[in-house]
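For reference, the structure is listed below as structure tokens.
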Amino acid sequence: MSSELDALLRENRLFPPSEDLIKASNIQKWMERYGINDYDQLIMRAQDDPEWFWDELARELEWFQPYTDVLKWDPPHAEWFSGGKFNITYNALDRHVKTWRKNKVAYIWEGESGQVVKLTYHDLYVRVNQMANALRSLGVGKGDRVSIYLPMILELPVAMLACAKIGAVHSVVFSGFWAKAFQERANDAQVKVAITVDGFYRRGKVIPLKENVDEVLDGIPSLKHLIVVQHAGCPVQMKSGRDFWWDDITQEQEKECAAEVMDSEDPLFILYTSGTTGKPKGVVHIHGGYAVGTYTTLKFVFDIKDEDIWWCAADIGWITGHSYIVYAPLIMGATSVMYEGAPNYPQPDRLWKMIEDYGVNVFYTAPTTIRMFMKYGEKWPQKHDLTSLRLLGSVGEPINPEAWIWYHKHIGNRQCPIMDTWWQTETGMHLITPLPITSLKPGSTVKPFPTVKADVVDDAGESITEGGGHLVIKTPWPSMFRTLYHDQERYVEAYWSRFPGLYLSGDVARVDQDGYFWIQGREDDVLNVAGHRISTAEVESALVSHVKVAEAAVVGKPDQIKGEEIFSYVTLKEGYNPSPKLKHHLREHVRKEIGPVASPAYIGFVEDLPKTRSGKIMRRVIKAKVKGEDVGDITTLANPEAVEGLDHAL
Ligand code: WT7
């Protein structure tokens, strides 16, 4: 662990929630129903009988046919609610349009340039049905994969829900990734149809997504059709027979569409995330358990009530948006804010202004965003009335206590508990998190969610009570991922084989004397840059794909605002020389291959990279150099002189 992080993790104050907040909370009311008096009793009862807990919550959703078992657990294979027939979109929309929620606002969408669109549950229901029918008309059916490459516009949730309604499997690709990343993911998933946009706004500029997509479409042989949303109005080329405008293909469709009756365990989506190799992992989530897990955590952690305005300020391209902008809030029948653009555009008070404008009650963002706003200063939130806020949330990386305190004081007016939720693309839902009834310690994600058993173990898999170790989960949870798309072997290997029967999170954590968890970061070669999970191997392979590059090594350097910055060292092929121009080209190249988030902050040219005798690059040594730390034992290096070379490159 870096000494910087260490220093920041010493904040021992305890922040208890107010009595009023506790009394009014969903979790407290739920506990009263079962005669449970306090948090400790809740945890005891839930850990003792997890099936009771999840059964009670699953019953709050609508099943076409009830499940026969709550859980079948044959590690590492879980089946939740098996035998149950279910459809997540039916639970998110159809169920509500039969009630008073029909005319309740589901989304308040704000474009970057300020236009506002409000969609009710009924509006959304009709749009989803028309899109679902349009997809069926293109031959998309149950089990077919659809790639969705869209920015934060309303068509994104509509497209996801439409796929789910007809049993198709969606795979959303973050719009900030470049088309090459989209192509790679679309090919891995063997998609039949893809959905994209003419262009979208980012900081006032139009990003021409369709034009970028055109460059890679021929490289996706499985793809039959492309649906294009008209949004920015920029000129695009449409290929007749292959490409269709969203409006053209949906407007004539029927406004009703029967939901496909799915098995609880049928796949809902694939979401690609970074692992330790260059090849992204296709994390697979399913209909039933995913719905129950995300619904329950939103209800109990963020305490959403019918009259609340909820804003999860993430991008739907990541799991946070899948779970807590799309599925869970709609299943709850909540009203969500959705924002298209950059958080500091046109001014650093955009988020605070929107909280005031819409009277947001619960707000969820990432530490990197909070640190960015800390830098701009409290004068920006002070311009706005933020008293509607009741609860705040944080996710994506460890939040340093300094940022926690700033968020608490300047955004939450010292009144709002901060739910620092630890979870992952793979877990689908919050796993280690406070509840509105628990006391908080700034920088700690508190304790495992009811029923979940988490632990910190040493290399031998033994529980440790002092210092950092491997964070593992010992019990299954409903919204756990079920596999990696057509790579069951990697699923078992990457997550379940190090400590058989335990889920290996890839994070280092420690547990304090009160049982509070403190997440310290990734232990594998995965970087966390501004809340984005990026594998060093992916950036390395992007660099090496440049004609002039022979080898590349990528490491993360802790950064005050971004969490980590990408540092890379490259060796060039014979006949090529280092130059500032080449550096610039390499950066551009990585942007094009992966996306701006993966572009290295630093590129150093070296003669040689430090390697073991078996030829493996010693990233540990490079990392120590980058952080200005002692490189430690380098006797196993085949070429110790390469370490000095790193100095000259810096
Ligand atoms: C990794 C998962 C889950 C949605 C966003 C990221 C880190 C996540 C926290 C937190 C400390 C956190 C972990 C984890 N992380 N939440 N509250 N405190 N670290 O999803 O891209 O799958 O990344 O993000 O390192 O392993 P993801």
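Small disclaimer: the values here were computed from a predicted structure and weren't measured. Counting starts at 1 for both ligands and their atoms, in listed order. Quick note: numbers below take in every heavy atom, side chains included, and nothing from hydrogens, waters or symmetry partners.
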**Asked** Should you measure from each heavy atom of T445, which atoms of ligand 1 turn up under 4.0 Å away?
**Response** 17 (N), 18 (N)
**Message:** Please classify the H532 to ligand 1 contact at 4.0 Å (heavy-atom distances, strictly less than): side chain, backbone, both or neither.
**Reply:** neither
**Mutual orientation of the aromatic rings belonging to F302 and W310 [parallel < 30°, tilted 30-60°, perpendicular > 60°]** = tilted
**Asked** Heavy-atom distance to atom 7 (C) of ligand 1: which of G396, S394, S444, S274 wins?
**Response** G396
**Prompt:** Considering all heavy atoms of both residues, which atom of L527 and which atom of E564 are nearest to each other, and what is their separation?
**Reply:** CA-OE1, 3.4 Å
**Fill in**
The answer for which part of I319 has a heavy atom under 4.0 Å from ligand 1 is side chain
**Message:** Using the ring-ring contact (aromatic ring centres under 6.0 Å, His included) criterion, which residues pair with Y339? Sequence neighbours excluded.
**Reply:** none
**Request:** Could you list which atoms of ligand 1 come closer than 4.0 Å to a heavy atom of T421?
**Result:** 9 (C), 10 (C), 16 (N), 17 (N)
**Fill in**
Taking only non-hydrogen atoms of P398 and a 4.0 Å limit, the atoms of ligand 1 in range are 11 (C), 18 (N), 19 (N)
**atom 26 (O) of ligand 1: the protein heavy-atom neighbour that sits closest, reported with distance to 0.1 Å** = R522 NH1, 2.7 Å
**Under 3.5 Å: donor-acceptor pair, side chain of T445, backbone of D420** = no
**Prompt:** Using 30° and 60° as the class limits, which term best fits the ring planes of F481 and H285: parallel, tilted or perpendicular?
**Reply:** tilted
**Prompt:** Of F177, W423, Y272, which is the lone residue that meets ring-ring contact (aromatic ring centres under 6.0 Å, His included) with W318?
**Reply:** F177
**Message:** I'd like to know whether ligand 1 has G506 as a neighbour, heavy-atom separation below 4.0 Å.
**Reply:** no
**Request:** Look at the aromatic rings of F363 and Y407 and report parallel, tilted or perpendicular, splitting at 30° and 60°.
**Result:** perpendicular
**Message:** Within ligand 1, which atoms have a heavy atom of T320 less than 4.0 Å away?
**Reply:** 4 (C), 5 (C)
**Fill in**
for atom 23 (O) of ligand 1, nearest protein heavy atom and its distance come out as R533 CD, 3.3 Å
**Audit row: E540, R619, salt bridge (Lys or Arg N to Asp or Glu O under 4.0 Å) steps and yes/no** = CA-CA 12 Å; E540 284 167 6; R619 279 195 201 75; 2.8 Å; yes
**Request:** Taking only heavy atoms of W423 into account, list the atoms of ligand 1 that are under 4.0 Å away from them.
**Result:** 2 (C), 3 (C), 4 (C), 8 (C), 14 (C), 16 (N)
**Request:** Looking only at protein heavy atoms, identify the closest one to atom 27 (P) of ligand 1 and say how far it is in Å.
**Result:** T425 OG1, 3.5 Å
**Prompt:** Do R145 and D188 meet the salt-bridge criterion of a basic N to acidic O distance under 4.0 Å?
**Reply:** no
**Message:** Test of understanding: given a 4.0 Å heavy-atom threshold, classify the contact between E397 and ligand 1 as side chain, backbone, both, or neither.
**Reply:** backbone
**Complete:** Logged contact type for D507 with ligand 1, heavy-atom cut-off 4.0 Å, is side chain
